[in-house]
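Following: one structure in structure tokens, then a few remarks.
Numbers restart at 1 for each chain; the letters A, B, ... are given by sequence-line order, proteins then strands.
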Amino acid sequence: MKPRNVAISAVVMMLLLIAGMVSAEMAPLPRSKDYLTPKVVSPIILKAGTIPDEYIFPDDWVKKQDWDAIRQKYGGTTLDIIFEGTDIGAPLMTKEQFEKMSGMKLNFTGVPNQVQMQKLLVSFATGSAAFDVTVVLTPNLPVFIRFLEPLDDLIKKWGYDFDDFFPHFQSLMTDTPLVPGGKVYGLPNDYDQHFWHSRKQFLDEIGAGGPPKTFDEVVDYSKKLKGVLPDGVFPTGFMMSRDLFAWESFWDFAAPFGADYFKPGTWEPDMASAEAVQAANFIRDMIVDGYTAPGSTTWDYARQLEAWNNGKLAMCIQYPIQESYNPQMSKIADEERYHSVMPKGIGPKARTATHGTFTNVALAMNKMSKKKDAAFLWMAFNNSTEVQYIYTVTGTGIDYGRKSIFADKTANMFYPNAQASYETIPYIYNDIQIAPGPEIFEVMIPAIHDVWTGKGKAEEILPKANQQVHEIMKKYGYLGDKPPVPAPKSFWSWELYPEYHNLKWADGVGQ
Amino acid sequence: MDLSNVTRYQSAVAVEAAAPPVVIKRRGYLLIWPAFLYLLAFLIVYPFGYNVYQSFFEYSMLTDTSWFAGLKNYVGLFTSPEYLNSVWVGSLIAFFCLAIETLLGLSIALVLNQNFKGKVLARILLILPLGTIPVINGYMFNILFFPNASVVDHILNILGIINGPMNWLQDPIKARIVIIAMDVWQWTSFMIIMILAGLSAIPESFYELAKLDNMSTWKTFWRITLPKIKFPLALAMLIRAMDLLKFFDGVYALTKGGPQSATETVSFYIYRIGFKAFNVGYASAGSIIVWAIIWVMSFIVISKVFAAKEKAV
């Protein structure tokens with residue numbers, strides 16, 4: 001054999017050997033260590049500890065399945081999946097591993113958040129919905145229930161650990177949200193909730209020992225920050241564009257001030273109460289006083305995130321935004337921050353509350369799908385413990401809502417939002433989740449936005465909008481003798497779930 | 001060579017030629033009839049008819065409920081401050097866009113109609129904005145005028161014209177100005193093309209005669225140019241007016257109808273009601289009213305201006 005051929009053979013053998021070693025290194029199931037790399041996770045997070053070589057969750061649902069049997073039975077099946085455009089990076093991360101394990105093929109289509117509702121509803125209503133699985137924002141779930149497959153039997157059949165999700169989160173997946181009972185129509189996929197984010201260096205500069213605890217303090221901090229912040233950095237900035245973000249942000253203030261969507265236990269709208277008016281005017285005053293970044297009345301999620309990641313804000317209300325710890329996406333990835341429960345409101349009905357669940361996403365199954373078991377397996381895999389943890393910590397935009405993750409000290413070490421996320425749970429002011437919801441939003445959003453942009457005072461604008469909501473509720477029978485779904489006794493998790501009163505964060509875990 | 005086919009063809013041509021014109025015309029109609037019927041039924045009659053039908057129902061896609069509402073949707077719209085505001089806002093934006101685009105388009109077309117070096121290049125460059133997708137145009141303007149990152153603000157600040165941010169999209173009047181500027185930037189090119197087509201059809205001899213008569217440039221414009229381009233100009237204005245009354249893309253990409261509903265055009269309002277609130281019946285009625293406005297406007301322009309043209313011919 002010629003020396004050149006010997007050398008080539010040796011190189012090929014070595015490459016094969018290295019390839020073999022690399023594939024042996026990569027765990028067959030998604031393992032946190034393989035994904036939490038310095039490329040996507042800030043050193044500030046990685047220095048918190050050593051990522052275990054083994055699975056962080058060795059006993060989660062995904063590891064208890066017989067994947068050989070699954071491959072034999074469902075191998076070759078192709079699943080068509082609709083996923084939210086901004087978060088599609090998450091399932092794509094684990095696509096290859098799932099395909100290898102199950103022998104199935106996954107086809108993803110990303111649909112932008114803003115048009116998701118239209119595209120889904122029109123495709124379902126016209127009978128052209130040719131996909132097996134889709135994401136649905138939980139407030140829109142009641143609209144789609146007539147097109148979706150109930151999942152209770154599949155959950156039972158496959159032993160899926162649905163109970164590992166927090167009770168209110170489970171409830172949002174049913175046809176009677178926040179009311180016990182009801183059929184399950186979705187698996188919880190993205191546990192988005194709002195809390196307060198602050199940059200430590202700026203709070204230190206004004207001598208604040210920590211994040212604001214009340215909205216009075218928010219004003220006080222903002223006033224002081226205005227004096228010390230460098231040019232182009234503003235005390236706060238919220239998502240206030242004239243769409244669903246205006247609705248979300250409004251309730252981030254109105255709920256802590258003590259306002260409610262409806263009179264307790266009924267469907268009678270109460271969105272122009274003294275507390276709601278006070279909250280709307282409070283935000284307007286913050287805008288007028290220059291405590292919010294100029295232009296935030298046009299900011300949607302992406303715009304606010306861009307401002308935050310570019311270091312233009314000192315404080316903000318946002319989802320966990322773990323992506324701001326991704327050095328590729330954020331200029332403040334290495335900066336110390338406070339992530340805290342929302343400040344308490346002002347006034348006699350003040351409470352701690354956050355409108356935190358609007359974009360909670362359910363993974364739901366098309367009733368017309370011919371591959372229900374295969375589809376469920378992917379849904380369950382995608383929402384399994386370690387997979388959800390990986391999605392969250394790598395900043396894909398998906399945030400976990402499982403009790404078992406919050407209870408794991410190692411997992412929490414790499415998630416700076418863990419404590420705030422956990423401690424916020426009792427104070428979630430859950431969204432209206434009824435079929436006419438989108439019609440209500442289209443009445444309230446322009447009204448709220450009109451107040452913020454100075455068209456008039458909240459006391460003039462909100463009562464008219466509330467009256468229109470009353471008409472909508474009447475039109476759909478919610479104010480008659482037999483409303484289509486029962487009214488929850490409250491939308492505030494603190495009032496609904498007594499067990500939440502005992503949630504405590506100690507020693508790095510939720511207890 | 002088989003000449004029988006050639007002979008058959010020749011005799012067919014001969015028969016055709018011998019046929020009276022009326023017969024040929026009828027045969028022509030017969031041939032286009034299937035395609036015409038298809039277009040009429042599926043692209044015009046059915047969608048339009050269904051829209052009219054839905055406008056008499058309270059149909060919600062959210063709950064999949066529908067009941068006969070008679071004229072309730074129409075009455076509701078005419079008494080809805082939001083809808084009336086959107087009609088007003090839409091008309092206001094349309095008026096200013098049309099006026100500016102017409103004046104600017106006419107002026108530029110007159111210049112481009114002269115002989116000068118680089119004329120072809122100038123024409124090409126000026127029609128480039130027309131190739132932009134309207135919604136992309138909207139996003140471009142969003143970047144240009146976005147608070148804190150506004151390129152326009154940056155330039156105006158450097159030039160010393162303004163001091164600090166202008167907050168273009170937060171003030172109702174400024175937001176309208178941006179919307180109008182965006183449309184003018186894109187669609188003036190269309191007016192230029194249409195007017196240039198009219199200008200190029202004016203015989204040079206008209207201008208030579210005007211010169212012999214010592215007619216001033218101003219007089220030449222009023223007495224020769226404008227009357228001769230009246231029809232293409234009217235057609236261009238009509239097309240733009242129809243488009244502007246349905247103005248949507250820019251609003252969607254730039255302001256979402258805000259601030260204070262100052263840029264909520266009627267199309268955007270209908271979109272919100274139809275595709276956000278899914279109140280299909282109400283949105284259908286809204287679109288029928290817009291259609292009626294456009295139809296009446298077109299009818300008046302066509303019957304006045306173009307009837308006059310036919311008479312003149």
Side-chain angles (χ1 to χ4, degrees), chain A residues 114-115 117-119 121-122 124-125 140 142-144 146-147 232-234 237 240-246 287 293-300 303 306-307 310 312 434-443 445-447 449-456 461 464 468 471-472 475-477 484, chain B residues 58-65 67 69 72 76 80-82 85-86 135 139 142-143 145-150 153 164-172 174-175 178 251-264 268-283:
Chain A
Q114 299 95 318
V115 291
M117 174 80 176
Q118 291 99 305
K119 286 193 184 280
L121 188 52
V122 171
F124 272 126
N140 299 335
V143 176
F144 292 105
R146 60 188 194 266
F147 307 113
V233 183
F234 303 94
M240 297 194 276
S241 55
R242 197 175 184 257
D243 49 29
L244 282 168
F245 295 107
I287 296 168
S296 28
T297 48
T298 60
W299 281 4
D300 56 13
R303 287 294 188 183
E306 188 184 306
N310 273 305
K312 289 183 174 176
I434 50 174
E439 204 170 325
I440 295 171
F441 303 148
E442 286 312 311
V443 168
I445 289 166
H449 204 262
D450 280 355
V451 176
W452 292 347
T453 52
K455 193 175 188 180
I461 293 173
K464 285 181 201 157
Q468 280 179 273
E471 298 301 328
I472 292 170
K475 182 170 80 177
Y476 292 111
Chain B
E58 253 188 67
Y59 169 48
S60 169
M61 271 178 95
L62 298 172
T63 51
D64 199 25
T65 48
W67 54 87
K72 195 179 160 196
S80 154
E82 290 89 3
N85 171 68
S86 72
V135 77
Y139 285 117
N142 200 328
I143 294 167
F145 291 95
F146 199 75
N148 284 328
S150 163
D153 275 9
M166 282 286 281
N167 296 331
W168 291 96
L169 303 179
Q170 283 155 288
D171 176 81
K174 285 184 211 161
V178 173
V251 175
Y252 178 81
L254 206 58
T255 60
K256 295 201 164 63
Q260 300 177 21
S261 311
T263 58
E264 183 153 275
F268 192 79
Y269 176 79
I270 291 169
Y271 161 76
R272 275 206 310 113
I273 299 305
F275 289 99
K276 292 267 192 182
F278 292 97
N279 200 337
V280 180
Y282 199 65

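Among the candidates A/Pro484, A/Gly437, A/Gly454, A/Ala293, the residue making the largest number of heavy-atom pairs closer than 4.5 Å to chain B is A/Gly454. Between chain B and the options A/Ala307, A/Pro142, A/Ala435, the largest number of non-hydrogen pairs under 4.5 Å is found for A/Ala435. Comparing B/Ala262, B/Ser150, B/Ser261, B/Pro172 by how many heavy-atom pairs each has under 4.5 Å with chain A, the most go to B/Ser261.
Using a 4.5 Å cut-off between heavy atoms, B/Tyr271 contacts chain A through its side chain alone, with no backbone atom that close. Heavy-atom distances place the side chain of A/Phe234, and not its backbone, under 4.5 Å from chain B. In this structure, chain A has a heavy atom under 4.5 Å from the side chain of B/Phe278, while its backbone stays farther away. Heavy-atom distances place both the backbone and the side chain of A/Pro294 under 4.5 Å from chain B. Neither the backbone nor the side chain of B/Tyr269 comes within contact range of chain A, judged by heavy atoms closer than 4.5 Å. Heavy atoms closer than 4.5 Å to chain B are found nowhere in A/Val451, neither backbone nor side chain. Of the two parts of A/Ser296, only the backbone, made up of N, CA, C and O, holds a non-hydrogen atom closer than 4.5 Å to a non-hydrogen atom of chain B. Both the backbone and the side chain of B/Thr63 come within contact range of chain A, with heavy atoms under 4.5 Å apart. Only the side chain of A/Gln468 comes within contact range of chain B, with at least one heavy atom under 4.5 Å from a heavy atom of that chain. Residue contact with chain A, scored on non-hydrogen atoms closer than 4.5 Å, is absent for B/Asp171. Of the two parts of B/Trp67, only the side chain, counted from C-beta on, holds a non-hydrogen atom closer than 4.5 Å to a non-hydrogen atom of chain A. For A/Trp299, the part lying near chain B is the side chain, with the backbone staying farther off; criterion is any non-hydrogen pair under 4.5 Å.
Side-chain atoms of B/Ile270 and B/Tyr282, non-hydrogen and from C-beta on, never get closer than 4.5 Å to each other. Using a 4.5 Å heavy-atom cutoff, the side chains of A/Met117 and B/Phe275 are not in contact. You'll find the side chain of A/Glu439 reaches within 4.5 Å of the side chain of A/Lys475, heavy atoms only. Here the side chains of A/Glu442 and B/Asn279 are not in contact, with every heavy-atom distance at 4.5 Å or above.
Between the side chain of A/Asn310 and the backbone N or O of A/Glu306 there is at least one donor-acceptor pair closer than 3.5 Å. With hydrogens and angles ignored, the 3.5 Å screen pairs a side-chain donor or acceptor of B/Lys174 with a backbone N or O of B/Met166. Panel note: side chain A/Thr298, backbone A/Ser241; no donor-acceptor pair is recorded below 3.5 Å.
Both the sub-6.0 Å distance and the 45° axial angle are satisfied by A/Arg303 relative to the ring of B/Phe146.
Using cut-offs of 30° and 60° for the angle between ring planes, the A/Phe124 and A/Phe144 rings count as tilted.
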Check step by step if side chain to side chain contact (heavy atoms under 4.5 Å, CB included) holds for A/His449 and A/Thr297. CA-CA 8 Å; A/His449 204 262; A/Thr297 48; 4.0 Å; yes
